[in-house]
Every structure is written in C-alpha cells, then in structure tokens.
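All remarks here apply to the structure that follows.
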Amino acid sequence: MIRICQEPFDPGAEIRAFEKNEKSAGAIVTFVGKVRGEEGADPVKELLLEHFPGVTEGSIAKIERDARRRWNIDEVLILHRVGRLRPSEPIVLVCVSAAHRRDTFLAADFVMDYLKTQAFFWKKERRDGGENWVEPRRDDYLDAERWASPKET
Amino acid sequence: MARLLFFGKLGDIAGARTREYVLPAGVDVIDALIDAIAREDETLGAALSEKSVRFAVNETIAARDAPIHNEDEIAFLPPVSGG
C-alpha cells in the first residue's frame, strides 16, 4: 500500500495497524524517516515537500514492484508526507513483512535508497536566513548503486 | 496551447509553477521546446537543459526527444530529494 499524506501521521499507530493485519509473516521491518533537527545559528525551521500528483504515486509503485521482483516479501506499506513539515516530524514510513528476516531488511533498505533517488518529491528548506531547494546527496546515489545489477541496464 | 509544469527549483527559476504556452510552429519535441524557451529566457533555458532534468508528457515520463503537441501537459522535473 502506498499513501501520500498531506497531514502528520503517527508512525506508532500505522505500525500497529500493519502488524495487526499481518497474519503469517515471520518478520517485519519498519523504518521511520524524520525531518532532521539542526543546531547552529540558522537552523531549518520548516520543510516544504512538493510532489507531482498522478506521477509520484507511480514512481513509488515502481519501486515496490522492483522490491517484490527481487525479494520474497508479503506486505509493503510506504507512507510519505507532503506539504509543510517541522523538525523532528516523521516524513516517511516503510514497513515490509516476509517469511524470513533477510528479505525484510534488504527490501526496506532498497525501498529507502530508491525513494531517495527515484521517487518524485522535492524538498525545500526554510530558514530565517532564506530558502533553498535540497540538492540530491552523492551518498544517496552511491547507496542506490549498491542494488544495481546487470539486469537493470 | 500547451501547459508547462515546473517542479522544485525550476518553478523558482521560471517564476511560476505552471505556464500556458503556445508551441511555435515546428516545435514538436521537448528538445525544441527547451530551445524556444531559451531564446526568451536564457537562465530558464539553461536550467531546463541540464542533463539531470527529467520530463513527463501527460503524466508519463518521457525522454528529451519525445513528441509534444499543443493541448499536452509537459512537466519539467529537476533532481529529486524525497525519502
């Protein structure tokens, strides 16, 4: 299941619901990504998360399909905020269930790497000193490259 | 008239997130559209020409040489930063 949320979500409640619905899995991995808090003279006050309705959902669905091709997993939940967020607010939740734990760890790791590099979202940081669009991090692309296989190219 | 969508930093550079735009005669692929925009707005043209920019035509991801027509919705997508 993929959900794009305009309003804050409660990771605990979502995870409880996921676990409750999951009847037969031996393993569940959950990941919560949050807006990082910053120290210093001019910290981020607000994050604006933009998406492309009609296209972003498809880009996430593609990531889920990719994960399902690679690993033997059961249920997947991907929740992603859009709109205005504050430091320490959850941005993204990924839950994966499977019969065996190795598949859940790898699939969740993969989904996050691909959400960072393939999903159509754009973040803008708002500080007292001004605004800037977040540029992709080289580390995110290096992480995503770990999953590249001859089949991909 | 085509509808152009500018996401992320491209919206700031374009001065608007959406723009109605009549495709000039002969402009029938995205590449040519970027050239036409560049003639009017060098900065925006340069930003749209960056290799990392991706495109969608009527909500389907498209390549730089994808055909376009008036009545299409053409989106310009800069490098992403989600997750």
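Chain letters run A, B, ... following the sequence lines, proteins first and then strands; every chain starts at 1.
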Checklist outcome for this item: One option among Val55(A), Val92(A), Leu49(A) has the most heavy-atom pairs under 4.5 Å with chain B, and it is Val55(A)
Next on the checklist: Among Gly82(B), Gly11(B), Ser52(B), Ala56(B), which residue has the highest count of heavy-atom pairs closer than 4.5 Å to chain A?
Outcome noted: Gly82(B)
Checklist entry - Under a 4.0 Å N-O cut-off, is there an ion pair linking Asp109(A) with Arg146(A)? => result yes
Checklist entry - Does any heavy atom of chain B fall under 4.5 Å from the side chain of Trp122(A), the backbone, both, or neither of them? => result both
Next on the checklist: Can you confirm whether Ser97(A) sits close enough to Asp74(A) that some side-chain heavy atom of one is under 4.5 Å from a side-chain heavy atom of the other?
Outcome noted: yes
Checklist entry - Is a salt bridge present between Arg3(B) and Asp72(B), judged by a nitrogen-to-oxygen distance below 4.0 Å? => result no
Next on the checklist: So for Thr56(A), is it side chain, backbone, both, or neither that comes closer than 4.5 Å to the heavy atoms of chain B?
Outcome noted: neither
Item to check | Region of Lys124(A) in contact with chain B, defined by heavy-atom distances below 4.5 Å | outcome: side chain
Item to check | Heavy-atom check, side chain of Lys45(A) versus side chain of Asp128(A), under 4.5 Å | outcome: yes
Checklist entry - Under a 4.5 Å cut-off applied to non-hydrogen side-chain atoms, are Val94(A) and Val96(A) in contact? => result yes
